[in-house]
Amino acid sequence: MADKVLTVCPYCGSGCQLHLLVDKGQVIGAEPANGRTNEGTLCLKGHYGWDFLNDPQILTARLRKPMIRKNGVMEEVEWNEAIQYTAERLSAIKEKYGPDSIMGTGSARGPGNEANYVMQKFMRAVIGTNNIDHCARVCHGPSVAGLTYSLGDGAMSNSIPEIEHSDLIFVFGYNAPETHPIVARRIVAAKQRGAKIIVCDPRMTETGRISDMWLPLKGGSNMALVNAFGHVLVHEGLYDKRYVEANTEGFAEYVDSIKKYTPEYAEGITGVKAADIRAAMREYAKAPTATILYGMGVCQFSQAVDVVKGLASLALLTGNLGKPNVGIGPVRGQNNVQGSCDMGALPNVYPGYQDVIDTAVRKKFEKAWGVELPRKKGYSLTEVPHLILKENKLKAYYIFGEDPVQSDPNAAELREALEQLEFVVVQDIFMNKTALHADVILPSTSWGEHDGVYSSADRGFQRIRKAVEPQGDVKPDWAIISEVATAMGYPMSYANTEEIWDEMRSLSPLFAGASYQKMEEQGGVQWPCPTEDHPGTPYLYKGNQFSTPSGKGRLFACEWRPPQEQPDAKFPLVLSTVREVGHYSVRTMTGNCRALRQLSDEPGFIQISPEDGADLNILDSEIVAISSRRGRIMARAQISDRVQQGATYMTYHWWVGACNELTADFLDPVSKTPELKYCAIRLERIADQAQAERDVHESYQKIRRQMNVQEAVLSDKVTR
């Protein structure tokens, strides 16, 4: 009889609880638990995404011992040598170039909140810089910036379970069935209860198929459409005048900004019919409760923060905040991307979203940590290549639980930047593309092998629990970082994750009452939770008290700006990155799960319209060549009637079909989030398909050899 260990799924931000089934020290299965957000259900990844713990080496190999690059070759060493070498190199670079020459990352991919707290403390108290960031920068960074400006908190205003009780769900640039299947279940349940569904997306998504209204806007036209929505609400008198007068500021400026964005004017930019723009807002305005859900189709543009503010303004105009079953929901992608932000793994805030340039806040942390702290905001993760190659400001990079070579735009430039650095530390559970550039590799425990806390997308703290003993000479992330800190002359020692958690909440008023005990008793705690007797907060802004300086919501609109790279005769198509239901992030976890691997494999797919397929003489499932101004890759064509002519879509999980070899690193000026949803490409048919298949297979095997996959496994074929 297998033992059952209650924990939280390590994949998307839905925060589903599950039981890991453990027999003889090995995970053999997973079952859904009755968690607050999933209520006894799981998606494919929840059911089958545990297998990577057994290290089947389908894609890459677990890291089992520290390694140091000696004479150009990575060699296994003992922990003492690895820790001492890392500490000495970081100390020398800090002494020679200053603390701001060192960059560090947090990790949203499994280590937990406690490890992220320790990492940001290490960068600030030991290194002496605010150069700490993580993958929220390439996804929901605009949510943090935009919602903080408009409402005061950079997170979902309401809870995931409330979605199915909303009277209208307004989905903008978000494909829940592929990214958050459990959230998609809530949308379906709402539909069954009679809710209206409105979807804004260039592609016909699964949610679009069940919607009452689908608005197929052109890629990159988000701001123009959101402005037109506001124009309809104001000029047709559909907005809640009393609510706006009592609870918002900036209305006159807002009205002036949207003045020219009539539905007819916006139709010329967005391609959405003026009548449909009006109809959508009439439905949204009259619904007793309405919820906005959005995703990467909003955030991964160079005007993303503006659009987030604009969407928040729609909720403010209609009074859809401060009560149950309403609000605005940036549904976080990775399992703990909300938590990594909560813990201050960002260059501008300490844990609990406390500003690093606030003198009183800084002094509080200085007193607690016993050291003087930096006074200026740090660098963002997406600025790293430019800071290395153009400005020569960064000399070392401590990469903790991230794989930027796979996940960040313009991969070739990033590889060049890593090679130019004097020192690169990679701390992770698997070999990956970034680790190929490391000077030191520090192997850590994985989800399922350590305790901690995750934050779900709707601000819910939940416990993760150790199920099995780790294999190999590995350590928990927080312990590794603490040992490096101690070796650098700043003693850092914790007995367990609860001790770290209690230190964090003693310094973070938003989280002060969210103890391990309360999480155990309640199953989870949603922040804000300011005191020990506070149960947590299912929805924000009760009584319409916003967390902005004035206590009022801030309305915002501005001019639409087109994407920064446009198609031309040489690169006539537009590429957008998307996700796939069976895989996660850089795929080192799900790619090493046997059941999930069967769903799809290298080189991945590029979705194209039937019209473009016919024009280029490309058949479904053929290998094609794709190029941009930055690189060239191969992928398998997927002819789809969901796609508009001129647009293409690729999932970013693949190694051979790595779409980030193509993507551009144009950034939103506020959040520094890259425009991963829009770049110009060329698509070419490959005449010799047999040779193309061989090339894909050989490329895949070459990468796997680089990842230390055993030779016995390399005979495995690439799955069609």
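In this text the structure is predicted, and so the values were computed from the model without any measurement. Worth knowing before you read on, the calculation uses all heavy atoms, side chains too, and leaves out hydrogens, waters and symmetry mates. In this chain, residues are counted from 1 in sequence order.
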Undergrad: Please check if atom OH in Tyr48 has more than 12 non-hydrogen atoms from other residues, nucleotides or ligands closer than 6.0 Å.
TA: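 No - once you tally the heavy atoms of other residues, nucleotides and ligands closer than 6.0 Å, there are 12 at most.
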Undergrad: Any side-chain heavy-atom pair from Leu18 and Thr7 closer than 4.5 angstrom?
TA: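 Yes - at least one pair of side-chain heavy atoms lies under 4.5 Å apart.
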Undergrad: Does one side chain, of Glu416 or Gln420, offer a donor that lies under 3.5 Å from an acceptor on the other?
TA: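 No.
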Undergrad: Which atoms form the tightest heavy-atom contact between Ser482 and Tyr494, and what is the distance?
TA: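 Of all heavy-atom pairs spanning Ser482 and Tyr494, the closest is OG-CD1, 3.9 Å.
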Undergrad: Under 3.5 Å, is there a donor-acceptor pair linking the side chains of Asp342 and Gln338?
TA: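 Indeed, the side chains of Asp342 and Gln338 share at least one donor-acceptor pair under 3.5 Å.
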Undergrad: Checking side-chain polar atoms at under 3.5 Å, does Asn336 have a donor or acceptor matched by the opposite partner on Asn113?
TA: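 Side chains of Asn336 and Asn113: pair found under 3.5 Å.
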Undergrad: Measuring only between side-chain heavy atoms, which start at C-beta, is Val586 closer than 4.5 Å to Phe430?
TA: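 Side-chain contact under 4.5 Å: no.
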Undergrad: Would you kindly say whether His437 and Glu419 are connected by a side-chain donor-acceptor distance under 3.5 Å?
TA: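 Short answer, yes.
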Undergrad: Which is it for Leu21 and Asp3 under the side chain to side chain contact (heavy atoms under 4.5 Å, CB included) test, yes or no, and what are the steps along the way?
TA: CA-CA 6 Å; Leu21 308 181; Asp3 295 326; over 6 Å; no
Undergrad: Which heavy atom of Ile28 sits nearest a heavy atom of Ala2, and at what distance?
TA: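 Of all heavy-atom pairs spanning Ile28 and Ala2, the closest is CD1-CB, 4.1 Å.
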Undergrad: Answer yes if the side chains of Tyr700 and Arg704 hold a donor-acceptor pair under 3.5 Å, and no otherwise.
TA: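 No, because no side-chain N or O of Tyr700 sits under 3.5 Å from a partner of the opposite role on Arg704.
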Undergrad: Please tell me whether Tyr11 and Trp447 form a close aromatic pair, meaning their ring centres lie under 6.0 Å apart.
TA: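 No, the ring of Tyr11 stays outside the 6.0 Å limit from the ring of Trp447, centre to centre.
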Undergrad: Crowded around Lys364 NZ? As in, over 12 foreign heavy atoms under 6.0 Å?
TA: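 Yes, because the 6.0 Å sphere around NZ of Lys364 holds more than 12 heavy atoms from other groups.
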Undergrad: Between His653 and Glu580, do the side chains contain a donor N or O and an acceptor N or O under 3.5 Å apart?
TA: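 Absent: no donor and acceptor within the cut-off.
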Undergrad: Specify the closest pair of heavy atoms between Arg505 and Phe511, including all atoms of both residues, with the distance to one decimal.
TA: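 The pair with the smallest heavy-atom distance is CB-O, 3.5 Å.
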Undergrad: Taking the ring centre of each residue, are Phe461 and Trp501 less than 6.0 Å apart?
TA: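 Yes, ring centres under 6.0 Å apart.
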Undergrad: Is the Lys NZ or Arg CZ of Arg579 less than 6.0 Å from the centre of Tyr652's six-membered ring, within 45° of the axis?
TA: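 Because its charged atom misses either the 6.0 Å distance or the 45° angle limit, Arg579 does not stack over Tyr652.
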Undergrad: Under 3.5 Å, is there a donor-acceptor pair linking the side chains of Thr590 and His583?
TA: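 There is such a pair (donor and acceptor under 3.5 Å, judged by atom type) between the side chains of Thr590 and His583.
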Undergrad: With distance as the sole test, does Asn116 use its side chain to make a donor-acceptor pair with the main-chain N or O of Ala345 at under 3.5 Å?
TA: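 No; judged by distance alone, with no hydrogens or angles, the pair does not exist.
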Undergrad: Check Ile464 against Gly110 and note the closest heavy-atom contact, atom names and distance.
TA: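 Closest pair (atom of Ile464, atom of Gly110, distance): CD1-O, 4.3 Å.
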Undergrad: Hey, does the side chain of Gln354 reach the backbone of Pro351 with a donor-acceptor pair shorter than 3.5 angstrom?
TA: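 The answer is yes, because a donor-acceptor pair under 3.5 Å joins these two groups.
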Undergrad: Judged by modelled atom types alone, do Arg124 and Gln120 share a side-chain donor-acceptor pair under 3.5 Å?
TA: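 There is such a pair between these side chains.
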Undergrad: With sequence neighbours left out, which residue pairs that include part of residues 423-434 fulfil the side-chain hydrogen bond (donor to acceptor under 3.5 Å, both in side chains) condition?
TA: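 Counting only pairs at least two positions apart or across chains, the side-chain hydrogen bond (donor to acceptor under 3.5 Å, both in side chains) contacts touching residues 423-434 are Arg109-Asp428, Tyr398-Gln427, Asp403-Thr434, Gln406-Lys433, Gln427-Asp477, Asp428-Asn432.
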Undergrad: Side-chain contact, heavy-atom cut-off 4.5 Å: Arg375 with Val356?
TA: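 No, side chains not in contact.
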Undergrad: Is it the case that the ring center of His450 lies less than 6.0 angstrom away from the ring center of Trp478?
TA: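 So the answer is no for these two rings.
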Undergrad: So Glu483 and Lys475, do their side chains get closer than 4.5 Å, heavy atoms only?
TA: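 Side chain of Lys475 against side chain of Glu483, heavy atoms only: contact under 4.5 Å found.
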